[in-house]
Amino acid sequence: MENSVNRRVIVIDDNDDIHTDFRKILVGTGSNSNGAARSAFLGKTAEKETEVPGFELSSATQGEQGINMVMQARRNQEPFALAFVDVRMPPGLDGIETIERLWQVQPDLQVVICTAFADYSFEEIIERLGANDNLLILKKPFEPVEVRQMASALTKKWNMRRQEHHRLLQLGEAEREAREFALSQAATNRALEEANRAAESASRAKSDFLANMSHEIRTPMNAILGYLDLLFETIDPSEEQSKFMQTVNHSGKHLLMIVDDVLDISRIEAGKLFIVKEPVSPVEISSEVVSICKREAERKGLDLKLSIGDRIPEWVRTDANRLRQILLNLIGNAIKFTSVGSVQVELHSQAASDGKSNLQFSIVDTGPGISPENQIELFEPFTQVDSSMTRNVGGTGLGLAISQRLAEALGGKVSVESELGSGSRFILSIEFEEAPSMAGALPIESTGTLPELTEPIDQPMDTLHTSILVVEDVAVNQLLIKVMLEKAGATVSVAGNGQVAVDDIQAANDEGRPFDLVLMDMQMPVLDGYEATRLLRSQGIQTPIVALTAHAMTTDRDKCMAAGCDEFITKPIDRRALLETCKRLLAPNPPAPLPSNGDSEARVEDDADSTL
Ligand code: ADP
């Protein structure tokens with residue numbers, strides 16, 4: 001209704017001739033009214049046949065009838081826009097009463113009251129009807145043009161008011177909807193914020209839980225693997241016993257690997273991955289990882305080779321630990337899933353923009369290959385392609401997910417090219433900033449031969465004729481570390497917490513028999529390792545201190561170094577790493593910690609037997 005223009009007009013007059021005249025003026029049809037009526041009500045000017053606007057005209061001869069028609073039209077949703085009402089309509093209601101009633105029925109009806117000289121005065125009319133702006137007065141006799149202009153203007157006014165009314169309604173509706181939307185948005189935002197807070201707190205709780213769980217598992221594993229190590233040295237096991245012990249060793253290490261993976265992925269997902277960029281030699285780090293994996297490749301009869309391309313930068317700035325972790329994982333996987341053939345590690349470099357170079361570490365194996373559909377999900381956590389195969393070789397399905405996220409954190413990515421039955425090529429490509437030449441650092445030759453990175457592992461370790469204080473609260477660990485060091489020729493004292501350690505070190509200094517080295521567990525009751533180390537350093541005590549911690553994260557290492565420790569070893573303690581670290585610190589001029597992280601664990605061959 002709001003779109004169609006309402007031109008419905010009702011004429012309420014007791015004179016039939018008037019109706020005929022109105023019809024002629026407003027609709028353009030109907031016979032001419034007789035001359036008497038014309039002269040009574042219309043002006044003398046003869047109306048020319050002009051084009052008339054198409055009004056819809058209705059007629060009522062009495063007020064009551066007009067009121068009913070207006071009422072009915074409203075009910076039919078076809079209201080009148082305008083009524084012409086005669087003042088005198090005997091015997092029924094007069095025009096003024098009729099108009100009052102009309103407005104009760106339809107307040108917005110435009111009304112023209114048609115009055116002759118002898119009727120009410122204007123003042124009387126206004127007094128009765130009030131100064132209503134829906135009312136015009138037409139004095140008889142009137143001209144057709146007056147009637148037509150009035151009809152045009154007033155129906156237009158009615159329609160505009162209607163439109164305005166509808167627009168206001170629409171605006172009101174839109175405003176109400178906008179308010180409701182804003183309210184619902186606010187509610188949604190509040191719900192989202194709430195959900196976000198809950199998710200963050202759950203994620204924090206998960207991360208804390210996993211960090212604690214990792215600590216709780218790593219600590220007893222330290223004892224299990226360490227004592228197994230000592231058992232190997234002190235008894236002469238039969239072949240069968242030796243096999244059992246090997247199995248315990250491998251299972252223990254496997255368990256630790258799983259714990260570390262779960263800890264890593266949860267830290268990464270909680271956004272707690274810290275990257276420490278430092279000068280790293282790509283050749284050295286690839287050689288190191290290859291040498292770590294060599295033993296396992298040999299055990300499986302696989303040919304593990306490293307080939308180094310041209311123009312490999314000598315030093316680049318990246319996070320050595322993270323890079324090592326990715327390479328270990330990719331090369332480890334290649335060896336794990338390949339039963340015959342070879343694993344080839346290729347190092348390529350391409351110049352990129354802004355003085356950066358793009359390094360690619362490709363790990364190519366002759367293993368089972370991965371189908372295109374399985375490649376899609378490969379980098380999602382807990383994805384394992386072939387469960388039967390994976391059951392055979394073990395794994396968590398986290399390695400590639402972790403590697404991909406670490407690569408991204410280093411500004412690179414891991415991709416795969418593979419076909420079932422044709423082996424796989426995993427490519428780690430990272431954009432490196434070339435580090436300035438490291439004056440005084442060991443030159444690394446890009447020759448393709450593996451530099452010798454570790455001391456021969458079977459060298460006897462009986463050169464520690466020194467006095468060492470082991471600060472550790474857990475009895476099994478105290479004994480384990482003590483035995484490891486004593487077997488290497490050291491004299492060992494034990495302190496059960498940081499406070500006892502500080503007292504013992506001060507007493508030993510006072511008595512002129514200072515300790516040569518302190519091995520300090522960092523988490524202890526009474527006074528922890530951080531506090532104890534800070535206290536000792538604040539007293540000017542310079543004895544080398546090696547931090548022992550079950551946390552393997554870089555941030556933990558930084559925390560230990562900030563407290564004043566000289567080295568950092570993670571639990572479970574690798575006997576060889578422990579002794580090498582001690583020897584390095586006890587050397588007359590101990591070398592500065594390595595640029596990577598000084599983490600001696602990573603520089604020792606991860607040989608299954610070396611920790612035993
Ligand atoms: P995990 O090795 O602990 O199972 P990863 O995330 O490292 O977990 O690997 C996910 C899966 O991808 C593996 O279970 C294996 O099915 C497949 N995969 C990874 N590397 C290779 C490879 N070099 N050759 C064939 N399949 C592989």
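Whatever order the structure lists them in is the order used to number ligands and atoms, beginning at 1. This one's a predicted model, so the numbers in the text were calculated from it and none came from an experiment.
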Could you check if a side-chain atom of [X] sits within less than 4.5 angstrom of a side-chain atom of [Y], using non-hydrogen atoms only?
| X | Y | value |
| --- | --- | --- |
| Val471 | Asp521 | no |
| Leu519 | Ile481 | yes |
| Ile468 | Val518 | no |
| Tyr227 | Leu480 | yes |

So does Lys336 get a backbone contact from the side chain of Lys300, meaning a donor-acceptor N/O pair under 3.5 Å?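 Yes.
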
Between Lys413 and Gln404 (side chain of the first, backbone of the second, donor and acceptor by atom type, cut-off under 3.5 Å), is there such a pair?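 Checked: no pair found.
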
Polar-atom distance check: Leu400 versus ligand 1, any N or O pair below 3.5 Å?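 Between Leu400 and ligand 1, an N or O pair is found under 3.5 Å apart.
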
Are any of the N/O atoms on Gly399, whether in the backbone or the side chain, positioned under 3.5 angstrom from an N/O atom of ligand 1? yes

Numbered atoms of ligand 1 (with element) below 4.0 Å of [X], judged on heavy atoms:
| X | value |
| --- | --- |
| Leu378 | 12 (O) |
| Phe426 | 20 (N), 21 (C), 22 (C), 23 (N) |
| Leu398 | 6 (O), 8 (O) |
| Ser424 | 24 (N) |

Taking heavy atoms and a distance under 4.0 Å, where does Ile370 meet ligand 1: side chain, backbone, both or neither?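 Only the side chain of Ile370 comes within reach of ligand 1.
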
To which of Asn333, Ile402, Asp365 does the heavy atom nearest atom 23 (N) of ligand 1 belong? Asp365

For atom 2 (O) of ligand 1, tell me which residue out of Lys336, Glu380, Glu377, Met257 has the closest non-hydrogen atom.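 The nearest heavy atom belongs to Lys336.
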
More than 12 non-hydrogen atoms from neighbouring residues, nucleotides or ligands closer than 6.0 Å to CD on Glu298, yes or no? yes

